[in-house]
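So the structure is just underneath, and the comments pick up after that.
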Protein chains: 2
Amino acid sequence: MTDDGIATSRNTPATLHDVAREAGVSLATASRSLNGSTRKVNEEYRKRVLEAARRLDYSPNLSAQAVARGTTTTVALLVADIADPYFSSIAAGVVAEADRERLIVTMAATERDPERELELVRTLRGQRPRVMILAGSRPMSDPTGGALGEELEAYERSGGRVVLISRNEFDFRTVIVENSAGAESLARELVGIGYRRFAVITGGEGLRTAADRVAGFRAGLAATGGTLDDDDIIRAAFTRDGGYDGMRELIERGLGEVELVFAANDVMAVGALSAIRDAGLEPGTDVAVAGFDDIPTVRDVTPALTTVRVPLEEIGCRALRLALGDEEAANEGAVRTEVVLRPSTPPRS
Amino acid sequence: MTDDGIATSRNTPATLHDVAREAGVSLATASRSLNGSTRKVNEEYRKRVLEAARRLDYSPNLSAQAVARGTTTTVALLVADIADPYFSSIAAGVVAEADRERLIVTMAATERDPERELELVRTLRGQRPRVMILAGSRPMSDPTGGALGEELEAYERSGGRVVLISRNEFDFRTVIVENSAGAESLARELVGIGYRRFAVITGGEGLRTAADRVAGFRAGLAATGGTLDDDDIIRAAFTRDGGYDGMRELIERGLGEVELVFAANDVMAVGALSAIRDAGLEPGTDVAVAGFDDIPTVRDVTPALTTVRVPLEEIGCRALRLALGDEEAANEGAVRTEVVLRPSTPPRS
DNA sequence: CTGTTAGCGCTTTCAC
DNA sequence: GTGAAAGCGCTAACAG
């Protein structure tokens, strides 16, 4: 072993040991100077260590730190689909907040498959993340037979924090979105501007989020005299194509008296808009459309989409703060939503 | 220390040690049974270990494994903005491929700030990721004075692999996108359907990707007789709002003879569409618009947007395969793009 | 304030 | 085939 003491181009990163040797101090002193320790270090030594670290291009091995400290700086985020604007906006919020807290985010996609989700939670647990954030609702009846819940509980028992976004299936901290109340307000406002007969396109089989939105919408109609026949509730995939297909189905079977179609989220609503147009109808004029979420693109479709705004990035940010035990975040209550009327639902009469 | 031998609700995860004890075998045997070792383990022991692991709800500590093995199962991904569909689609591809390779992805956002990018690379290096993927072009003239390049080189020297997506600034493996050729084809096709006078809205100050697209577009026009005045090249932020602002500027100064506006990416084009409409003009009719990327939403705006398709998810996937040394990926050459004509550029005359 | 040393949880020689 | 033991890179008592 030729020890030339110079930063040669080795093919393994410099270790703290190398830095200590280079600086002529002990491991402990090197460690203390490089990372915020409570202990004070002689300014002279400190400088020498920092200088040596720079020379050797030292970068602390986070895995080793994690093992030694017994705690990581990692946050795990699970979403249904990264390319979906709903999730990517939430993710952006989580990543931004994590960055502020000098935490690192690892991300995985469940592709809306509960089995996969369980599998991912298991894998990710190996990282010993400080926090695990699960976004995206899953079926209300758990097809994995409670295995996910158990896994998450085990994770919390071992010191982790799980936060759910808009899915109150378990007893974990949750960022609650006013899905029901928001949809109810939307229904009221729509009736207020003259709509009476509605149809709904929603996600398949009792997804919690979707179900809440539909229930809220229904309640709003009930209170104000709007009509929604059970037959006019279409189920489809909770995606753009689902919205497209649902709308086409609705058109094919005949819109009848329906004046406005409420899609349980914006990506579906956008798909519905295209289906309407592809059927030779004029959205907004022949049939009005409303969505939920206020994803960025709904301002740019035509007609611009009426929706319920939910502050997606903020939700991501809050989820993390909640997990980190932020007092404020814990006391803020449900995330406020807000109805945004746009040309896709022009006032009627 | 009460050692009752039962999986009590401790508040620290079970270790391999615990499993070994529970199974009555040595640490080594437990390790060998749980992870694919070359060594053979007596079937009887193996079963006992697996059973014990299950009972204790054991999950291997990835950090510890990383330290012991000297290698991680992590991939780091840097993008400009997670909520931007261009990047989130690429990210989805990376995550999907990583999942296939049983790798974990950590993600960070540079927010288009070179300083931040450098900072993030430094931090992420601490993870000792096997691979680092950088997406999103940065200014051609490096404001960090080559520091990023040095950092990345140091990372590769220490055994990592960096892959750049569509940014050939350094000598690293790169997923090359036919930005120039794609834009050139687009120009040719547009001239082919009757357009003659063009304007361009592009990203600020020499972003590589933007510059290539504009250059290609220009070349296509030059070859076919289309006209693009230097005055009609507008610079704005490489975002939806940038596109909106750029278009508004163009309209305010007077479109003159301009028949078609080419935006250097789809999000800008979508913003431009809205600006046109907000100015009381009809996109497609009064002025045609074309973009680049073929992000999902461009099918749903009105009129649907002419663009150059680039297979975003595939790019993410390829980036990772390239990093992992996949022969095929290395030999596939540039990522093919394809012109997609849609109603935002109706045939003229 | 500094250095020695015993871990952290896991892998991997190396003997048996 | 199995186990004891020596690390991996780093931190945190613990003495000096």
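The figures that follow rest on heavy atoms only: side chains count, while hydrogens, waters and symmetry mates do not. Chain letters run A, B, ... following the sequence lines, proteins first and then strands; every chain starts at 1. The structure presented is a predicted model; accordingly, all values stated were derived computationally and were not measured.
For the ring-ring contact (aromatic ring centres under 6.0 Å, His included) test, no residue two or more places apart in sequence or in another chain qualifies with A:Tyr45. A:Arg122 pairs by the side-chain hydrogen bond (donor to acceptor under 3.5 Å, both in side chains) definition with A:Glu151, not counting sequence neighbours. Considering only residues two or more places apart in sequence or on other chains, B:Ala109 meets the side-chain contact (heavy atoms from CB on, under 4.5 Å) condition with A:Val95, B:Ile82. Not counting sequence neighbours, A:Glu153 has no partner by the side-chain hydrogen bond (donor to acceptor under 3.5 Å, both in side chains) test. Listed by chain and residue number, B:Arg116 satisfy the side-chain contact (heavy atoms from CB on, under 4.5 Å) test with B:Glu111 (two or more places apart in sequence, or in another chain). With sequence neighbours excluded, the residues that form a ring-ring contact (aromatic ring centres under 6.0 Å, His included) with B:Phe170 are B:Phe172.
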Would you tabulate the pairs of protein nitrogen or oxygen atoms and nucleotide nitrogen or oxygen atoms of nucleotides 14-16 of chain C closer than 3.5 angstrom?
from	atom 1	to	atom 2	distance (Å)
C:dC14	N4	B:Arg39	NH1	3.2

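Across the interface with DNA chain D, nearest-nucleotide mapping of A:Leu27 and B:Ala64 shows B:Ala64 to be the residue nearer the 5′ end. Both B:Asn42 and A:Ser63 lie near DNA chain D, and the one whose nearest nucleotide falls closer to the 5' end is B:Asn42. Looking at which nucleotide of DNA chain C each of B:Ala28 and A:Gly24 is closest to, the 5′-most match is held by A:Gly24.
The side chain of B:Thr29 places an N or O atom within less than 4.0 Å of a non-bridging phosphate oxygen (OP1 or OP2) of D:dG3. Taking only side-chain nitrogens and oxygens, A:Thr15 never comes nearer than 4.0 Å to OP1 or OP2 of D:dG9. Remark: A:Asn61 is not in phosphate contact with D:dC8, judged by side-chain N or O atoms under 4.0 Å from OP1 or OP2.
For the helix from C:dC1-D:dG16 to C:dC16-D:dG1, the terminal axes (five pairs an end, C1' atoms, rotation from four pairs onto the next four) enclose an angle of 40°, given to 10 degrees.
Side-chain contact, B:Thr72 with B:Gln127: no donor N or O sits under 3.5 Å from an acceptor N or O.
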Donor-acceptor pairs under 3.5 Å, side chain of residues 317-327 of chain B to any protein atom, not counting sequence neighbours: which ones?
from	atom 1	to	atom 2	distance (Å)
B:Arg318	NE	B:Glu332	OE1	3.2
B:Arg318	NH1	B:Glu332	OE1	3.3
B:Arg318	NH2	B:Gly333	O	2.2
B:Arg321	NE	B:Asp326	OD2	3.1
B:Asp326	OD1	B:Glu328	N	2.8
B:Asp326	OD1	B:Ala329	N	3.0

